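Worksheet: the structure to be examined is printed underneath.
All heavy atoms count here, side chains included; hydrogens, waters and symmetry mates do not. Since the model is a prediction, treat every value here as computed from it, not as a measurement.
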Amino acid sequence: MRLHRGETLFRQGETGPLYHLKSGLLKVIRIHEDGTTTLVNIIVPNEIIPHHSLISPNPYFGTAIALITCEIEVLNAREWYQQLQNNPDRCRTIALQLQEKLRMMQHRIDQLTEVSAADKLRKLQAWFEFYIAPTTLTEVLTQDEIGQFIGLRRETVNRLLRAQSASKLDS
């Protein structure tokens with residue numbers, strides 16, 4: 001299956017299959033009761049989602065939307081869970097996938113615990129470069145989404161990005 005930028009893979013609260021992201025990037029957003037959204041995760045190639053349903057089925061935690069063109073394999077949930085029951089070694093594979101995602105999230109937490117806004121942005125850019133390069137942060141996320149991801153206002157993100165650009169021009 002191919003998804004293009006802005007297309008939705010699944011919606012918060014729905015149930016359905018699991019997905020293997022073969023290429024591209026997805027964002028996962030939470031939609032609040034008042035209609036506002038918050039960016040909560042970025043899914044990178046080779047991840048199987050939703051993470052919280054790899055061992056047992058659950059409704060989708062958020063809405064997954066393509067940030068860039070994505071190639072996605074749809075995994076039949078019933079077959080997936082049946083294979084887990086018939087082959088316990090697959091649980092180790094899933095545990096390793098979850099461990100890698102946990103490490104990725106630990107880096108994200110490190111960004112959020114920075115005191116200065118500039119350091120939060122710098123760490124997010126380093127995280128993005130490590131996990132998502134060569135695509136850059138500002139190629140796929142809006143300033144508002146960057147702010148949501150690191151707990152800053154869009155205006156602050158805008159100011160910091162302009163300062164970074166000016167600093168590069170001065171160098």
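For the pair Thr135/Glu129, no side-chain contact is recorded, criterion being any heavy-atom separation below 4.5 Å from C-beta on. The closest side-chain heavy-atom distance from Leu121 to Ile146 is below 4.5 Å.
Between the side chain of Arg30 and the main chain of Gly62, no donor-acceptor pair closer than 3.5 Å is present. A donor-acceptor pair under 3.5 Å is formed between the side chain of Glu7 and the backbone N or O of His4. Side-chain N or O atoms of Glu139 include one that pairs as donor or acceptor with a backbone N or O of Thr136 at under 3.5 Å. Put simply, the side chain of Thr63 gets close to the backbone of Gln12: a donor and an acceptor are under 3.5 Å apart.
Other residues sharing a hydrophobic cluster with Ile109 under the 4.5 Å side-chain heavy-atom criterion for ILVMFWY residues do not exist; the residue is a singleton.
Cluster annotation: Leu26 and Phe128 are assigned to distinct hydrophobic clusters (Ile/Leu/Val/Met/Phe/Trp/Tyr, side-chain heavy-atom contacts under 4.5 Å, transitive). Val28 is not connected to Leu124 by any chain of hydrophobic side-chain contacts under 4.5 Å among Ile, Leu, Val, Met, Phe, Trp and Tyr, and they are in different clusters. Taken together through direct or relayed side-chain contacts under 4.5 Å among Ile, Leu, Val, Met, Phe, Trp and Tyr, Leu39 and Ile68 form part of one hydrophobic cluster. The cluster map of Ile, Leu, Val, Met, Phe, Trp and Tyr, joined by side-chain heavy atoms under 4.5 Å apart, puts Val40 and Ile31 in different clusters. No single ILVMFWY cluster, assembled from side-chain heavy atoms under 4.5 Å apart, contains both Ile43 and Tyr131.
The two atoms that bring Val140 and Glu145 nearest to each other are O-OE1, 4.0 Å, heavy atoms only. For the residue pair His52 and Pro59, the shortest heavy atom distance occurs at NE2-O, 2.8 Å. Annotation for Ala77 and Pro17: closest pair CB-CA, 4.2 Å, computed over non-hydrogen atoms.
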Run the numbers on Met105 and Asn41 for side chain to side chain contact (heavy atoms under 4.5 Å, CB included), then give the verdict.
CA-CA 9 Å; Met105 296 308 289; Asn41 202 356; 4.0 Å; yes

Stepwise side chain to side chain donor-acceptor pair (under 3.5 Å) check, His32 with Thr38:
CA-CA 8 Å; His32 304 284; Thr38 302; 2.8 Å; yes

Would Ile65 and Leu3 satisfy side chain to side chain contact (heavy atoms under 4.5 Å, CB included), going step by step from the backbone distance to the final call?
CA-CA 9 Å; Ile65 301 168; Leu3 272 184; over 6 Å; no

List the steps and the verdict of side chain to side chain contact (heavy atoms under 4.5 Å, CB included) for Leu98 and Leu54.
CA-CA 9 Å; Leu98 291 172; Leu54 292 178; 3.7 Å; yes

Test Arg2 against Ile72 for side chain to side chain contact (heavy atoms under 4.5 Å, CB included), laying out the working first.
CA-CA 6 Å; Arg2 182 177 291 244; Ile72 300 166; over 6 Å; no

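Shown are Gln83, Gln82, Arg90; of these, the side-chain hydrogen bond (donor to acceptor under 3.5 Å, both in side chains) with Asn86 is made only by Gln82. The side-chain contact (heavy atoms from CB on, under 4.5 Å) test with Ile132 singles out one residue from Val44, Leu67, Leu137, and that residue is Val44. Screening Leu18, Ile48, Thr15 against Ser53 for a side-chain contact (heavy atoms from CB on, under 4.5 Å) leaves a single residue, Leu18.
No more than 12 heavy atoms of other residues, nucleotides or ligands sit less than 6.0 Å from atom CZ of Arg11. Residue-environment remark: NE2 (His20) exceeds the threshold of 12 foreign heavy atoms within 6.0 Å.
Rounded to the nearest 0.5 Å, atoms CG (Asn46) and CD (Gln97) are 9.0 Å apart. Within the model, atoms CG of Leu84 and SG of Cys91 stand 5.0 Å from one another, a figure rounded to the nearest 0.5 Å.
Inspection of the Asp144 and Thr142 side chains reveals no N or O donor paired with an N or O acceptor under 3.5 Å.
In this structure, Tyr19 and Tyr60 have tilted ring planes: the angle between them lies in the 30° to 60° band.
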Which atom pairs, donor and acceptor, lie under 3.5 Å between side-chain atoms of residues 149-157 and protein residues at least two apart or in another chain?
unit_1	atom_1	unit_2	atom_2	d
Arg153	NH2	Glu155	OE1	3.4
Arg154	NH1	Gln143	OE1	3.4

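The cationic atom of Arg122 (NZ for Lys, CZ for Arg) does not lie both less than 6.0 Å from the six-membered ring centre of Trp127 and within 45° of the ring axis.
A distance of 6.0 Å or more separates the ring centres of Phe61 and His51.
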